[in-house]
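Data first, discussion second: the structure below is written as structure tokens.
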Amino acid sequence: MRHRIAVVGGGPAGLTFARVLHRHDHPVTVLERDPAPDARPPGGTLDMHEGLGQSALSKAGLLAEFEALSRPEGQAMRILDTDGTVLRDWRPRPDDRANPEIDRGQLRDLLLGPLDVQWGRGVTEVEPGTRDGVLVRFADGRQETYDLVVGADGAWSRVRPAVSSATPHYTGVTAVETSLEDVDTRHPDLARLIGDGSMAVYGVNRSIVAQRNSGGHVKVYAQFRAPLDWHTDLDRHLGLNRRAGLDAGLDAGVDLADVEAVRSSLLALFDGWAAPVLDLLRHGTAFVHRPLYVLPVSHTWAHVPGVTLLGDAAHLMPPLGVGANLAMLEGAELAESVAAATGPDELDESVRAFEEQMWARAGRWAKFTMAGLERLVSPDPTEALALFDEVQSS
């Protein structure tokens, strides 16, 4: 029996779900609000974990192609003190495939493959329990019905309200992202500082992290504890004043769209850190404000026939290298269960069983990542170093 299945969202979770269903010759409709695959930047790099993301890719029949694209050398991790002293320098063994990196754009294209995605189909509402199934309403006024709708549409999911009233809340930590292009040629000193993988510096309630992507592209993240509206009053919210470098034409607040103003405020926030580390901010090409939101650690819901959630839509957690991996494995597992279901009752039971398994596993990871965020952006920077020592030794 072929159920009418739709997945909302063309990210790692939704595409993995669809790709595994496709491998089982089960039709699936992928609904993505973006008008095209390249409508916006795909984001940075992801480490695919053995037993999580790599397991999902194996279920999709894509593990060999992933291995050809991935960067095992990207597992390298270097930690510096704020004065530039190298505190830790972990490098992978030549045969280490535990967490190789892959650019998000490369992963998206790998998963897309032969899938028929309906681009530009923004979903506004999902209504379960109608006579013909689950009703999906679109931004263009159209509507369609399905036997199962899977919400893989991220933090601000339009599918989630059909099963849960939970909404993401701010963690108290903000990230400001910037990028360096052609780093090996244009900034060779910074290329050597970063190494083959990631480089991080941890201070009091703040950090700077740089991650290599492919093609000489580097993502840089300045993270700090602050109110959500920190940019409206830099002195009150971040303790910045004109003695800290804000006498160069900046007023009490900063326009987040003003690249140079954001750069100046970040340089003031990290004032006193080693010059090469601050060069990561000085040479950044643009700045994107990314406050970190999460869902409740043990987010569950009363099962609703015909609707379920994956990934960030189900269990948004701090971005510590687990979210996409969990989302992909969930997508693969749900797809296998759906493909094996022979009738409506069996389909519903398979979804119900999947949710129970997802909640238990995601709850454990959510606790781990929330505790990790507390230690990585902490009043005591030695907590970050201790966390990495624990992870590296495990």
Side-chain angles (χ1 to χ4, degrees), residues 38 40-46 71 74 76-84 101 103-105 173-226 228 230-232 234 237-240 244-251 253-292 319-321 376-377 384:
D38 58 354
R40 55 193 171 102
T45 184
L46 292 169
R71 293 175 284 107
M77 181 68 194
R78 181 175 294 159
I79 299 181
L80 276 59
D81 202 346
T82 56
D83 65 3
E101 299 278 342
D103 289 7
R104 281 182 176 269
V173 176
T174 281
V176 179
E177 174 192 315
T178 190
S179 300
L180 304 176
E181 304 294 342
D182 197 15
V183 67
D184 298 287
T185 301
R186 299 175 62 184
H187 308 290
D189 290 345
L190 292 181
R192 287 188 291 271
L193 181 74
I194 297 164
D196 292 331
S198 299
M199 185 277 300
V201 188
Y202 296 98
V204 176
N205 285 328
R206 64 203 65 180
S207 67
I208 293 178
V209 179
Q211 289 183 313
R212 267 195 184 266
N213 292 227
S214 62
H217 182 82
V218 170
K219 291 285 188 186
V220 179
Y221 304 91
Q223 298 182 346
F224 47 92
R225 291 198 174 274
L228 193 57
W230 64 271
H231 54 283
T232 62
L234 300 175
H237 294 319
L238 296 180
L240 301 184
L246 292 186
D247 54 356
L250 289 176
D251 57 18
V254 60
D255 179 359
L256 293 175
D258 185 334
V259 172
E260 295 309 318
V262 174
R263 189 193 319 277
S264 295
S265 64
L266 290 177
L267 289 172
L269 178 61
F270 292 92
D271 184 50
W273 288 31
V277 175
L278 296 184
D279 281 343
L280 294 167
L281 303 176
R282 290 191 181 98
H283 296 298
T285 54
F287 294 91
V288 182
H289 185 223
R290 299 194 185 281
L292 303 187
L320 300 186
L376 291 176
V377 190

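Once rounded to the nearest 0.5 Å, the distance linking NZ of K219 with CZ of R212 reads 15.0 Å. Of the inter-residue distances, the one linking L281 atom CG with L180 atom CG reads 9.0 Å to the nearest 0.5 angstrom. Atom CD1 of I208 sits about 11.0 Å away from atom OG1 of T178, to the nearest 0.5 Å. Residue L320 holds its CG atom at 6.0 Å from CG of L376, rounded to the nearest 0.5 Å. Here Y221 contributes atom OH and S179 contributes atom OG; the two are 7.5 Å apart, rounded to the nearest 0.5 Å. For the atom pair CZ of R290 and OG1 of T174, the computed distance is 12.0 Å after rounding to the nearest 0.5 Å.
When side chains are defined from C-beta on, L280 does not count as touching H187, because their heavy atoms never get closer than 4.5 Å. Side-chain atoms of L269 and W230, non-hydrogen and from C-beta on, never get closer than 4.5 Å to each other. Looking at heavy atoms from C-beta onward, L256 lies out of side-chain contact with F287 at the 4.5 angstrom threshold.
Using a 3.5 Å distance cut-off with no hydrogens or angles, the side chains of T45 and E101 do pair a donor with an acceptor.
With S265 contributing its side chain and V262 its backbone, the two residues share a donor-acceptor pair below 3.5 Å. Between the side chain of D255 and the main chain of A257, a donor-acceptor pair closer than 3.5 Å is present.
A side chain to side chain contact (heavy atoms under 4.5 Å, CB included) with L278 holds for exactly one of L267, D271, L266; it is L267.
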